[in-house]
Amino acid sequence: MTVVNRLVVLLPGFEHMPVEAHHRRFVREAAKTAPVYDMQLTETAPLKTSRPDAEVATGEFSLHTSGKDWATQTDFVLYGLGDITMFYASRNPLVRLLSGTGALLDFIVTGTFFRFVAVSWRYSLFFLYPVILLGLVVAASFGAYDVASGLVSGSIIVPLVCALMTAGILCWFAHRKLHLLLLLDDWTFAWDIARGQRPGVLQKLDKVVADAETRIGRTPAGTEIVVAAHSLGAICALQVLDAALRRNAPRRYGLLTVGSSLLKVALHPSARALRESVGTVARSNATWIDVQSLTDPMNFYKSDPVRDLHIQDAKSPVLVRVRFRNQLRDEAYRAIRRNLFRVHRQFVFGVEKRTHYSWHAILCGPESFADIAARGGLPCDRPKPAAPAAIKIQGSAAR
């Protein structure tokens, strides 16, 4: 029987979720995926969290998966990056609006937006989404001012109040229904990372990197190490692997980035340190898989981080492209395809049909990360959904 021991460092994207919620989602969706890939799955160690004062929460849990002639024990270290993103959501709405608008303007003035267009034009549409929403709010406010001026001649106060009320109502609607403030927080965070500003946030990220690097350094030599990140978590993942390589360069590491927003920051001219981390990883013997999807407008589809950042003498990641409609039943796909954020999260959700990509099958399955990369993805010789399999879940994930 083949037995695999693996350590996975999990880095979520820009979501306002505590580490406990990320853990519940991971185990729930792993249970959904397990039978599709002929895996039996048991949570052998329930979530154990630690939360140093004013720092990022860390969760540890373990999953045991098995199948015909194989077994895998995977230990997970999950960093609650939501503790960082919640800082942005906790600010005054006006501050969130103004800082997000400033971030968007900075990405335009520095030419970063035009680099988005050159690298992946679909991503530029995602950038323009909040810009268009803000433009509509401004246009409607001016329209309300003009209408009120025509109805109440000789008064400035009434038209101004009407314009401000219109702006406030539309901003509230755009926030509640169209996620405007979340998007602006997301761009503010990217701006802060690119510019190296907001010391409190940077210090927390530095401590995540240092903690992950220490845990990786303590891992026994026979244990496979994979750093796995979704969306903006890829930025932290490159920094973690950079630190691990500086400590122990000969060791083999795996890097899995899915729906990555790495280029969102790395293409900014001020993000030199991040580009250096990408170069360190790309020139090492680490195995990097980058998963992209045409369906998701929030990832850089058809990009190559090494090529697009003009990194010389380095190897590109293994690029895996997936169609979400091929992973889900028709009714499930129809239910999510118009939800911008749900589609983006599908990278880390469970699947109903076997394809060459599954977040949970890669991280919990029997194949080594290097073998998956060499093939260009998982084996997918059985496209039909599998019958449900048994799963034992302990601890907080059972709720």
Side-chain angles (χ1 to χ4, degrees), residues 11 13-14 56 81 84-85 87-88 91 95-121 123-131 134 182-210 213 229-243 245-246 255 257 259-283 288 290 298-300 303-314 316-317:
L11 297 160
F14 193 89
V56 172
L81 300 184
I84 295 175
T85 66
F87 159 76
Y88 292 90
R91 298 173 302 159
V95 173
R96 297 171 70 185
L97 183 67
L98 293 176
S99 64
T101 302
L104 293 171
L105 290 173
D106 179 84
F107 276 83
I108 293 172
V109 171
T110 58
T112 309
F113 164 72
F114 303 102
R115 297 183 190 96
F116 295 161
V117 176
V119 169
S120 180
W121 65 266
Y123 194 82
S124 65
L125 299 180
F126 170 64
F127 177 91
L128 290 173
Y129 177 64
V131 175
L134 290 171
L182 174 62
L183 289 168
L184 293 178
D185 290 344
D186 180 70
W187 283 104
T188 302
F189 175 74
W191 183 34
D192 288 343
I193 299 302
R195 289 285 188 183
Q197 52 197 20
R198 199 131 4 222
V201 169
L202 297 178
Q203 288 170 8
K204 288 187 176 184
L205 285 174
D206 287 343
K207 290 184 178 180
V208 168
V209 172
E213 185 266 334
H230 174 231
S231 193
L232 271 174
I235 295 162
C236 194
L238 266 297
Q239 295 171 327
V240 166
L241 206 49
D242 183 4
L245 285 163
R246 294 178 190 278
L255 173 63
T257 52
S260 172
S261 295
L262 171 66
L263 294 178
K264 176 178 190 169
V265 176
L267 285 171
H268 194 288
S270 296
R272 287 181 292 273
L274 180 57
R275 289 192 290 275
E276 289 174 2
S277 292
V278 176
T280 299
V281 172
R283 295 187 185 100
W288 183 359
D290 186 60
M298 296 171 67
N299 78 142
F300 285 83
S303 66
D304 177 342
V306 172
R307 177 198 66 203
D308 298 328
L309 294 175
H310 307 291
I311 297 173
Q312 303 299 317
D313 303 319
S316 295

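One-based numbering along the sequence shown.
- Contacts of Y88 classified as ring-ring contact (aromatic ring centres under 6.0 Å, His included), with partners at least two apart in sequence or in another chain: F189.
- In terms of heavy-atom proximity, P317 sits nearest to V306 at CD-CG2, 3.9 Å.
- With rounding to the nearest 0.5 angstrom, the CZ atom of R198 is 12.0 Å from the NZ atom of K204.
- For Q197, the side chain to side chain donor-acceptor pair (under 3.5 Å) test picks out D192, with sequence neighbours left out.
- Counting only heavy atoms from C-beta outward, the side chains of L184 and P130 approach each other to under 4.5 Å.
- Residues forming a salt bridge (Lys or Arg N to Asp or Glu O under 4.0 Å) with R272 (at least two apart in sequence, or on another chain): none.
- Counting only distance, with no hydrogens or angles, the side chain of R246 and the backbone of T280 share no donor-acceptor pair below 3.5 Å.
- Heavy-atom minimum distance, G233 versus L81: CA-CD1, 4.5 Å.
- Separation of atoms CD1 (I193) and CG (L274) is listed at 9.0 Å; rounding is to 0.5 Å.
- Annotation: side chain to side chain donor-acceptor pair (under 3.5 Å) contacts of T257 (sequence neighbours excluded): W288, D290.
- Of all heavy-atom pairs spanning V131 and L104, the tightest one is CG2-CD1, 4.0 Å.
- Evaluation of the side chain to side chain contact (heavy atoms under 4.5 Å, CB included) rule for A210 yields no partner, not counting sequence neighbours.
- For S261, the side chain to side chain contact (heavy atoms under 4.5 Å, CB included) test picks out Y123, S231, L232, K264, with sequence neighbours left out.
- With sequence neighbours left out, T110 forms a side chain to side chain contact (heavy atoms under 4.5 Å, CB included) with D106, T112, R195, H268, P269.
- Nearest heavy-atom pair, A271 versus A266, reported as atom, atom and distance to 0.1 Å: CB-CA, 4.1 Å.
- Of all heavy-atom pairs between S124 and V117, the closest is CB-CG2, 3.6 Å.
- A distance of 10.0 Å separates CG in L11 from CD in Q239, rounded to the nearest 0.5 Å.
- With sequence neighbours left out, R91 forms a side chain to side chain donor-acceptor pair (under 3.5 Å) with S99, D185.
- Atoms CG and CG, from L255 and D242 in turn, are 11.5 Å apart once rounded to the nearest 0.5 Å.
- Atom CG of D308 is separated from atom NE2 of H310 by 7.0 Å, given to the nearest 0.5 angstrom.
- Between F116 and F126, the distance separating the two ring centers is not shorter than 6.0 angstrom.
- Judged as a side chain to side chain contact (heavy atoms under 4.5 Å, CB included), and not counting sequence neighbours, the contacts of L128 are F113, I132.
- Atom-to-atom distance recorded for L262:CG and L309:CG is 6.5 Å, nearest 0.5 angstrom.
- Aromatic pair W187/F127: centroids less than 6.0 angstrom apart.
- Evaluation of the side chain to side chain donor-acceptor pair (under 3.5 Å) rule for D304 yields S316 as partners, not counting sequence neighbours.
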